[in-house]
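First up is the structure itself, then whatever we jot down about it.
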Amino acid sequence: MAEPRSLRRSRGATKERGNGVVGRIWLAIAIVVFYPLKALLARTRLIGLEHVPAQGGALLVLNHISHLDPIYDAVSVHRAGRLPRFLAKHTLWNYPVLRGVLRGVEQIPVYRGSVNAQQSLREAHRALEQGKVVLIYPDGTITKDPEGWPMIPKVGVARLALEHDVPVIPVARWGTREILDGYHKRFRPFPRKRVTLRFGAPEDLAEYRAGEADTKVLREVTELLMRRVRDQLADIREEPAPSSFYSGARRAERNDDHV
């Protein structure tokens, strides 16, 4: 198993460097800011990073426990020689300076409130078609589970996974909530923590891709992927995972038009 530094070094010929001059400038700024920041707050342990392909499209499916998650996820994917593309609300592109940053590092707008879910994810579909690495949090927001386990996932992840013949990689992360707990407004940078990310082997979805992606299939694939994430999270935490996904409202939030 290659160490992250040697993995990125071995992928020198294929590693991504940003979109044009502006993109490379913003990427360089992000590296200068986020690499030291994540190292200051926590030691990072990466397991299975080699599952992120050196080139070509890939969909990474992750749990979401803290506002710090994107920093650790982005740096980890970058250490595999790839640029991470996150899904973000399209309204962020309304701000001139922020729009330039988001475009420079090729982040993906999600058009919530669109006529249909497929349209809301059109830029994510395009990114996968163009061979990019897309990261998605099917929880839709930071989990409200008091114990930090995943919530009922949105089916947008299945729409992306089934329409594109790319590796779909479950990723579990733990430790960031110990640093920043958004719901309880707690920031505890000291003592220095440990953040662990476990990248699983790509899921075999050939059987599902061969058939029609109706509502039942979308829900089945969504829950399959998030169970894989949950199982990996249980391995990291060294404790059994719950048998079901958390719903703070105590009801099944299964609106299949949601991302």
Side-chain angles (χ1 to χ4, degrees), residues 8 11 14-19 23 26-27 30 34 46 48-64 69-90 92-93 101-112 114 116-142 150 153-173 197-205 208-209 213 218 221-222 224-226 228-229 232 258-259:
R8 179 165 170 76
R11 293 180 173 183
T14 59
K15 66 184 181 184
E16 298 173 276
R17 296 172 175 80
N19 183 21
W26 282 118
L27 176 60
F34 292 128
L46 301 178
L49 186 61
E50 68 277 5
H51 289 306
V52 178
Q55 52 190 329
L59 180 64
L60 273 55
V61 184
L62 306 97
N63 63 315
H64 200 6
D69 292 345
I71 294 177
Y72 286 86
D73 301 341
V75 170
S76 299
V77 172
H78 186 255
R79 290 177 75 170
R82 303 303 304 272
L83 293 185
R85 280 83 175 188
F86 292 90
L87 280 65
K89 295 178 181 179
H90 74 279
L92 295 176
W93 274 255
V101 175
L102 293 170
R103 285 178 177 172
V105 292
E106 300 182 54
Q107 300 311 293
I108 302 170
V110 175
Y111 297 90
R112 298 188 186 277
S114 299
N116 58 63
Q118 191 75 6
Q119 182 72 0
S120 72
L121 289 170
R122 64 180 183 268
E123 297 299 333
H125 284 286
R126 184 173 294 125
L128 290 172
E129 289 169 359
Q130 295 173 348
K132 299 175 181 178
V133 173
V134 174
L135 286 73
I136 186 169
Y137 301 120
D139 280 340
T141 185
I142 294 171
K154 310 297 185 190
V155 299
V157 62
R159 298 180 193 278
L160 292 170
L162 294 179
E163 186 164 321
H164 306 276
D165 189 12
V166 300
V168 180
I169 301 168
V171 184
R173 175 211 335 88
L197 288 94
R198 179 184 288 273
F199 294 76
E203 290 297 319
D204 183 1
L205 300 177
Y208 294 101
R209 288 175 177 141
L218 289 173
V221 171
T222 298
L224 167 66
L225 294 172
M226 283 309 289
R228 295 289 187 269
V229 173
Q232 291 178 183
H258 287 181
V259 173

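Leu60 places a side-chain heavy atom less than 4.5 Å from the side chain of Val77. For the pair His164 and Leu59, the minimum side-chain heavy-atom distance is 4.5 Å or more. Between His90 and Val110 the shortest side-chain heavy-atom distance does not fall below 4.5 Å. Using a 4.5 Å cut-off on side-chain heavy atoms (C-beta onward), Pro170 and Arg198 make no contact. The shortest side-chain heavy-atom distance between Phe86 and Ile108 does not fall under the 4.5 Å cut-off. With a 4.5 Å cut-off on side-chain heavy atoms, His125 and Leu160 count as touching. Counting heavy atoms from C-beta on, the side chains of Pro202 and Ile169 come closer than 4.5 Å. The shortest distance between side-chain heavy atoms of Pro153 and Val61 does not fall below 4.5 Å.
In this structure, CZ on Arg173 lies 4.5 Å from CG on Asn63, to the nearest 0.5 angstrom. For the atom pair CE (Met226) and CG (Leu62), the distance works out to 8.5 Å, reported to the nearest 0.5 Å. The CG atom of Leu224 sits 5.5 Å away from the CD atom of Glu203 when rounded to the nearest 0.5 Å. To the nearest 0.5 Å, atoms CG (Asp165) and CG (Leu205) are separated by 9.5 Å. Rounded to the nearest 0.5 Å, atoms CH2 (Trp26) and CZ (Arg103) are 13.5 Å apart. Here the straight-line distance linking atom OH of Tyr72 with atom CG of Leu197 works out to 10.0 Å at 0.5 Å rounding.
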Contacts table for residues 128-139: side-chain donor-acceptor under 3.5 angstrom, sequence neighbours left out:
from, atom 1, to, atom 2, distance (Å)
Gln130, OE1, Lys132, NZ, 3.1
Lys132, NZ, Glu106, OE1, 2.8
Tyr137, OH, Asp73, OD2, 2.5
Asp139, OD1, Met151, N, 2.9

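Between Arg11 and Ala80 the shortest heavy-atom distance is NH1-O, 2.8 Å. The two atoms that bring Pro167 and Gly57 nearest to each other are CD-O, 3.2 Å, heavy atoms only. In plain terms, the two heavy atoms of Leu162 and Ala213 that are nearest each other are CD1-CB, 4.0 Å.
Side-chain N or O atoms of Gln107 include none that pairs as donor or acceptor with a backbone N or O of Arg85 at under 3.5 Å. The closest donor-acceptor contact from the side chain of Arg209 to the backbone of Ala161 lies under 3.5 Å.
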Report task. Evaluate the side chain to side chain contact (heavy atoms under 4.5 Å, CB included) criterion for residues Glu123 and Tyr111: first the C-alpha distance (whole Å), next the side-chain angles of each, then the deciding distance (0.1 Å), finally the verdict. Result -> CA-CA 9 Å; Glu123 297 299 333; Tyr111 297 90; 3.7 Å; yes

Query - Trace of the ring-ring contact (aromatic ring centres under 6.0 Å, His included) decision for His51 with Phe199 - result: CA-CA 7 Å; His51 289 306; Phe199 294 76; 8.4 Å; no

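In this view, His78 and Tyr35 satisfy the ring-ring contact (aromatic ring centres under 6.0 Å, His included) rule, not counting sequence neighbours.
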